[in-house]
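Each remark here refers to the structure printed beneath this line.
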Amino acid sequence: MTTIPLVDLLSLSGALFALGLFGVLTRRNFILILISVEVIMNAAILNFVAFSLFSPGPAAGGIPGQSIAVILIGLAATEVAVGLAIVLALNRLRGTLNVAEAIQLKL
Amino acid sequence: MGLWIAVTEASASQLYHDASFVWLGLPDGTNFVMGTLVSPLGALMLVVVNVVGFLVVLYSNEYMAHEEGLPRYYAELMLFLSAMNGLVLADNYLEFILMWELVGLCSYLLIGFFWKKPSAASAAKKAFIVTRVGDVLFFLGVFILFSSLGDLSSATPATAYAGTTCPGGVLHWSCLGFTFTPPNTNSSVPFLPANAAIEASNFGGSSWLPTLAGLLILGGAAGKSAQFPLHTWLPDAMEGPTTVSALIHAATMVAAGIYLLAITDIYFGFTLTAAIVIVGIGGFTSLFAGTMGIVAPDIKRVIAYSTISQLGYMAMAVGAAAVISDLTPTYSLVNGTPVLNTFTGVAMFHLFSHAFFKALLFLTAGAVIHAVGTQDLFQMGGLRKRMPITSITMLVGALALSGIPPFSGFFSKDDLLSLTWQAATLESTQNGSPLLYVFFALALMAVFITALYIFRLWFLAFSGDRSRGEAPAASHGAPAPAAPTSAPFASSTSSSSSSSHAHDAPAAALPLASSTSSSAPSASGAHDGGHAGGHDPSWIMTVPLVVLATLAVAAGFLPLIPGVGHLLPGLSWTVLGKCVTNCGAGSSFDLTDALLGSASLAFAGLGILTAYAFWGNGKVYRLPKDSPLLGVHSVLLHKYYFDELYDGLATHVILGLARGADWVDRYIIDGTIRGIEELFSQASKSGRRLQTGIVSSYAAWVVVGLLAFLVFFLYVVPWLVGGFHLPPTPGL
Amino acid sequence: MSVDAATLAFLLVGIAAFLAGALALLSREIVHTVIYIGGFFASLGVVYFLLSAPFLGLLQLAVYAGAVTILLMFAVMVIKRRIFAREAVLGIKAPTFILALLVGAVLLDLAQRVPAYASAPACPASDPYCVSLLAQNLFLDNGGWLLLLGFVMLSALAGAVHLAREWRTPAVRKIRED
């Protein structure tokens, strides 16, 4: 049971999504893009939790949304690990982290 | 076989034997059937086709013996005959069209048999293309029938047979007559002939649609039977072997057109307008073609013109029969069913007799050509003594053609004129239009013309003492001084007679008198010039002549055979017919018929006498130099400039159309295609710039798509449907 | 407009999260970026606490604010690269910026339109933070999916390790020489 309005949660989520999107679109540094993607992921997770808290289903306390959030957090962590591995490989092979220079779509 | 069917048919109590199966069934219940229908007219045609066909094939054995490509010749001939048999046995328009096209194909092949000759090849093409014009019209007519009468269940036929479904498909002739045909094969229920079908109510209330359909079918028949606007192919078709000419003119190709008109009248009917047009075209053609026959120098072409003329008669008779059916429909009971009386039998009677004497004329002409090695009448002459059998049999044919009793042509032509007179009288008394009298007058004049040209042919070829072969030889090559000065009334100088005559040019150097040059090549190809002495051919060629001559006499007495009345519906008009059916019963002698008979006889006799006066006894009449008739002669010799007209039409109008179509194709269709191509080319050129490989820009485009999607569904769609609604409580 | 304490706290934390994220993306120095993003993750963890989801909040703090941030920090240390100067605030490209703004505007507008759904029933007294319910939902009800996900993650991690290894194959050497 929470007293925080759903609108506020969704607004925060939307704002964070837009922020992450902005980062993805404007940044050239691979690490920053990765971080932006994480911001987007967090916005999405927040959305899951929020909607789950405000759905009058049989499950108490927005449990389904929290389950998805748990899974997504794990998934995001994995994604960061893989992304950073790609960053390392790219840096080692191409000597750059600029996505504008890594245009061959392969390592 | 055909004879057997015909005899069975004539003696049978039931007239129609139909065996058909569904060839193509559409999901909506439309059936296209294939089948065999033995009908009275078909049986009669079987006789004509097979008897003439047999004799022609027999005759070919000698006549064509020296030609190359005989297997091809006989194969095409057999295909021709079987297509014609199929045509007369077809029981629906679709099957009829298939056979019709086969006939057209075979005529193309056979006319172009000497395909190495450019003139023969072009004549074949001409025949094919001109008849194709008619075929297109015919198809359109059948399409109209199909689309208008297609849903018979909702049509409201004006007869007692309304509402019956049509198991055979709408193009089946029994269905066109709106009569139910039981599915068993030996149906004794007759077809209900026509006139119910042409009611406007069956055409969605349109009265002009059935007229149009009839006229379009007439167009098809005109193409096949070489009627007035489409007649030009037939004289050129003389490029084929003479046997083929005999077959085409007597039994197969041209008969198909008349047969089409006849069955259409029987099964479907012509509206009055269409019928009058048919009479008009037929009557006009009969005279029109005859006049061209007077001047033609080529023996085969004269006969060809006579064919066109006689076909005009037949078309006229069908039209007259249709007029009578339309104006005063009478019914007779057949097996308890009212059947409309039709008089197309008159036309078919003429077709029947004409088939024999025309085949006879062609085959005798072939014998003459075979013997003397030229087709030019003005190089013949005096053949009567050397070729007595040919001479006499051709005389029989000529008399029959002219309509001299007791030869068959008299009876059939008299029937036909009498029928036309009847129709004209009906039309003028009921509708006050004397138009048909005009056409009748044309046809009557054609009787005179017919006798004139055919006896001109006979006198020029057979009378006199000796050949005139030397005279015109000089006119080829360098212009002979005599040619321009003494422009002959009908002369082989034919300085201008269209280039399709050119095939007899080398043959002209082979006059009969100088028969020593028997080794000279014969350009006509139909003969090898080996019989330069000019004598009767061997029995293989003679027997068909004699048989045909006998038939040419006997065919006139056909109505005397008991049962033939079945085959020739409506044939009870003439002096002869009246006598056959009624004389014994003491009926009155019809004065009109007698007068008509006498008139046509008088005209024919006059024609023969005129011909004798001009060309008898080996004379060759030449027009005086300053005769005003020279212009007429030239026009006739040029076949009324129809070839030139059509050439001009082709060169200017069609070429212009083709240029227009080319322009459309080049700039509009191709332009569109090129434009599309250019569009994609440009699009891919600009699209290629998007493929930077930079992930960010890809992401940007993804986001653009997402944004567009969101905007569309959140703002555009609600704006269109008037409001944005989320469910008040989310369902789980 | 009365605002209760939890909402007020949420608003503050939410603004803090947004600011931290914005600073992270706009910072000129990549180490600062990592620090800011750690703050961002932590503030989101606080949001989860405020939403009565303490387990999730702890997980967020541990995995995101802890592990992921440290992983990023290690990566940055290994690479030793500064953020490109031109990517500073002034280097924002207008079209993409506007695009992101538009998407944000649409999402915010959409958030306003969501009807006021009733909140979910509270957790039972025996389990005030629903942890056992969550465990039941996570491991019993969706256990199979979780297991499948685990395998996917494991293989992804194996792939990441493979990628991050020092490559010494001739092909790699050739690429580096180019």
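So that the names make sense, note that chain A is the first sequence line, chain B the second, and so on, each numbered from 1. Remember, predicted model here, so these are calculated numbers, not experimental data.
Only the side chain of C:I37 comes within contact range of chain A, judged by heavy atoms closer than 4.5 Å. Proximity to chain C (any heavy atom under 4.5 Å) is shown, for A:L46, by both the backbone and the side chain. A:I31 touches chain C through its side chain: at least one heavy atom from C-beta onward sits under 4.5 Å away, while N, CA, C and O do not. Interface remark: A:I73 contributes backbone and side-chain atoms alike to the contact with chain C (heavy atom separation under 4.5 Å). Contact annotation for A:I45: both backbone and side-chain heavy atoms come within less than 4.5 Å of a heavy atom of chain C. Heavy-atom distances place both the backbone and the side chain of C:L71 under 4.5 Å from chain A. Using a 4.5 Å cut-off between heavy atoms, C:L138 contacts chain A through both its backbone and its side chain. A:A50 does not touch chain C: none of its heavy atoms, backbone or side chain, sits under 4.5 Å away. Neither the backbone nor the side chain of C:F139 comes within contact range of chain A, judged by heavy atoms closer than 4.5 Å. The contact between A:I71 and chain C is made by backbone and side chain atoms together, counting heavy-atom distances below 4.5 Å. Interface remark: A:V82 contributes backbone and side-chain atoms alike to the contact with chain C (heavy atom separation under 4.5 Å).
Put simply, the side chain of A:L9 reaches to within 4.5 Å of the side chain of C:F10, judged on heavy atoms.
Ranked by heavy-atom pairs under 4.5 Å with chain C, the first of A:I68, A:V87, A:L75 is A:L75. Of the listed residues A:G14, A:P5, A:S11, A:G23, the one with more heavy-atom pairs under 4.5 angstrom with chain C than any other is A:S11.
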